[in-house]
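Ligands are counted one by one from 1 in listed order, and the atoms in each one are counted from 1 as well. Positions are given from 1 along the sequence.
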Amino acid sequence: MSSEQFSIGTKCVQAGYRPGNGEPRQIPIIQSTTFKYDTSEDMGKLFDLEASGYFYTRLQNPTNDYVAAKIAALEGGTAGMLTSSGQAANFFALFNICQCGDHIVSSSSIYGGTFNLISVTMARMGITTTFVSPDCTEEELEAAFQDNTKAVFGETIANPALTVLDIEKFAKAAHKHGVPLIVDNTFPTPVNCRPIEWGADIVTHSTTKYMDGHGAGVGGAIVDSGKFDWMAHADKFPGLTQPDESYHGITYAEKFGLGGAFITKATAQLMRDFGSIQSPQNAFLLNLGLESLHVRMPRHVENGQACAEFLQQHPKVKYVNYPGLPGNPYYEIAQKYMPNGGCGVVSFELEGGRPAAEAFMKELRLAAIETHVADARTCCLNPATSTHRQMNDEQLAAAGVPAGMIRLSCGLEDKKDLIADLSNALDAIG
Ligand SMILES: *Cc1c(COP(=O)(O)O)cnc(C)c1O
């Protein structure tokens, strides 16, 4: 199915898997570690990347590929892959083009797990990162680049700071320096924003969140726009533009072209060596979530907007962060990139800081305390004591996550009940 042909809602339901005559209507779960061939020669062609096909689920599985093709269609990309988690997706997206001695420019306003991945774990691998504010000027952004910079990274709507990335500004700077922009589009999902349309080259997801949407399976995805010309910057990306000796001297950018090189390399090298693949069972569950993504996202936005408006006028609430509120510093930019709204996640601080936040959260009946967001069921969290525990106060401030902040993820319940729950808990804390 051509990715251009249908609207986003139709793609959510039908893209990726087109059964032939008499084949299963629903995506089959190919619960098999391996695949059978008639001759060693047939299998050899797969190992040489001379033919496409499956041989071992550590690298690739048909169920996953149907679902990855759907996500690629939703994002308007040329190829996609599923990973075992969002963490694996961001690691693979970066490590596919960065090696020891390389450098990344990243927005400082990103998910705590990603911050730790690049600032600690990837730094140990010899890959360094310069963090810039998402609100930096073009000059400040420019100054962050080095000769060894290989990628620019940011989140469309950052978890949990809810800053909005100026995708065009970051894409322009990345392209000026001959490197791709990688955007983690977990929060808006392609239903509300498609970063490739604004210049992003690679899009990543924690499918654990809205895409699955029911808290059923941890997973990730990477989509390649097929637009970044690796060969035009061949010296920067030897992994894509020079022969891979582990595949008899194949050069990915030559053999698989703009549309296929990035994902083929990530599959053939990173999945082979790290094996962080999503289980076919989880891919099946993810697809069930995707089939209703376009129906669920507007409801998450509606509930997020209603809760944000309620909290904003409440005397016990110090401030509310929600890009859909007029007056929010990201309101205009959110309108530009996400005219139908962003997501159902709202963050706010109560008068009384961390102790008030803890007391309030204890009183909530519908909103459960969970290390999760973007679920059908409303949940909440104090990032400083959980997801962002590894950050000091200075880093928390830079990431826009003060210690007393509460992150509220509005689910799919009736908004009247959600507001009543918030109101009762605010009353109860005296
Ligand atoms: C949750 C999240 C991740 C990490 O995803 P996991 O599936 O938990 O590994 C990455 N980026 C963003 C924006 C997230 O919200």
Side-chain angles (χ1 to χ4, degrees), residues 64 67-68 71 75 81-95 104 106-122 129 134 153-165 167 181-190 192-193 195 200 202-223 270 274-279 282-283 285-286 289-290 297 300 304 321 323 337-338 342-347 370-375 379-381 383 386-391 399-401 405 407-410:
N64 293 26
V67 182
I71 296 174
E75 288 289 4
M81 71 194 289
L82 299 188
T83 56
S84 56
S85 67
Q87 287 296 108
N90 282 325
F91 175 60
F92 276 23
L94 290 163
F95 199 63
I104 298 163
S106 174
S107 164
S108 59
S109 186
I110 54 174
Y111 176 66
T114 312
F115 180 82
N116 202 64
L117 167 69
I118 58 186
S119 69
V120 179
T121 302
M122 289 181 73
T129 300
F153 182 85
E155 291 177 12
T156 319
I157 303 179
N159 176 9
L162 304 178
T163 56
V164 178
L165 192 74
I167 302 171
L181 171 64
I182 302 174
V183 172
D184 181 331
N185 195 37
T186 297
F187 268 19
T189 83
N192 284 337
C193 181
I202 312 285
V203 174
T204 60
H205 280 278
S206 166
T207 62
T208 317
K209 313 295 166 51
Y210 289 117
M211 283 191 168
D212 171 302
H214 301 79
V218 171
I222 308 173
V223 173
L270 301 182
F274 293 102
S276 314
I277 200 160
Q278 192 166 132
S279 76
N282 275 7
L285 293 170
L286 168 57
L290 291 171
M297 286 311 292
H300 282 293
N321 242 346
Y337 291 109
M338 292 163 270
C343 65
V345 182
V346 178
S347 66
E370 287 172 24
T371 309
H372 194 38
V373 280
D375 187 325
C379 57
C380 65
L381 180 89
S386 50
T387 48
H388 286 59
R389 226 183 154 83
Q390 72 282 5
M391 288 191 181
V401 195
M405 180 192 272
R407 182 184 70 186
L408 176 72
S409 170
C410 299

Check ligand 1 for close polar pairs with the protein: N or O on both sides, less than 3.5 Å.
{"unit_1": "ligand 1", "atom_1": "5 (O)", "unit_2": "Ser206", "atom_2": "OG", "d": "3.0"}
{"unit_1": "ligand 1", "atom_1": "7 (O)", "unit_2": "Gly86", "atom_2": "N", "d": "2.9"}
{"unit_1": "ligand 1", "atom_1": "7 (O)", "unit_2": "Ser206", "atom_2": "OG", "d": "2.8"}
{"unit_1": "ligand 1", "atom_1": "7 (O)", "unit_2": "Thr208", "atom_2": "OG1", "d": "2.6"}
{"unit_1": "ligand 1", "atom_1": "9 (O)", "unit_2": "Gly86", "atom_2": "N", "d": "3.0"}
{"unit_1": "ligand 1", "atom_1": "9 (O)", "unit_2": "Gln87", "atom_2": "N", "d": "2.9"}
{"unit_1": "ligand 1", "atom_1": "11 (N)", "unit_2": "Asp184", "atom_2": "OD2", "d": "2.7"}
{"unit_1": "ligand 1", "atom_1": "15 (O)", "unit_2": "Asn159", "atom_2": "ND2", "d": "2.8"}
{"unit_1": "ligand 1", "atom_1": "15 (O)", "unit_2": "Lys209", "atom_2": "NZ", "d": "2.7"}

Just say parallel, tilted or perpendicular for the rings of Phe92 and Phe274, cut-offs at 30° and 60°.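 The rings of Phe92 and Phe274 sit tilted, inter-plane angle from 30° to 60°.
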By ring-ring contact (aromatic ring centres under 6.0 Å, His included), which residues pair with Phe115, not counting sequence neighbours?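 With neighbours one apart ignored, the set is Phe131.
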Under the ring-ring contact (aromatic ring centres under 6.0 Å, His included) test, which residues partner Tyr337, sequence neighbours left out?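 Only Trp198 meet the ring-ring contact (aromatic ring centres under 6.0 Å, His included) criterion with Tyr337.
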When rounded to the nearest 0.5 angstrom, what distance separates NZ in Lys209 from SG in Cys343?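 Output value for this atom pair is 11.0 Å.
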His205: which of Val183, Asn185, Thr83 passes side chain to side chain contact (heavy atoms under 4.5 Å, CB included):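 When Val183, Asn185, Thr83 are each tested with His205, the side chain to side chain contact (heavy atoms under 4.5 Å, CB included) holds only for Asn185.
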Quick one: list whatever passes salt bridge (charged side-chain N to carboxylate O under 4.0 Å, His left out) with Asp212, sequence neighbours left out.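 Counting only residues at least two positions away or on another chain, Asp212 forms no salt bridge (charged side-chain N to carboxylate O under 4.0 Å, His left out).
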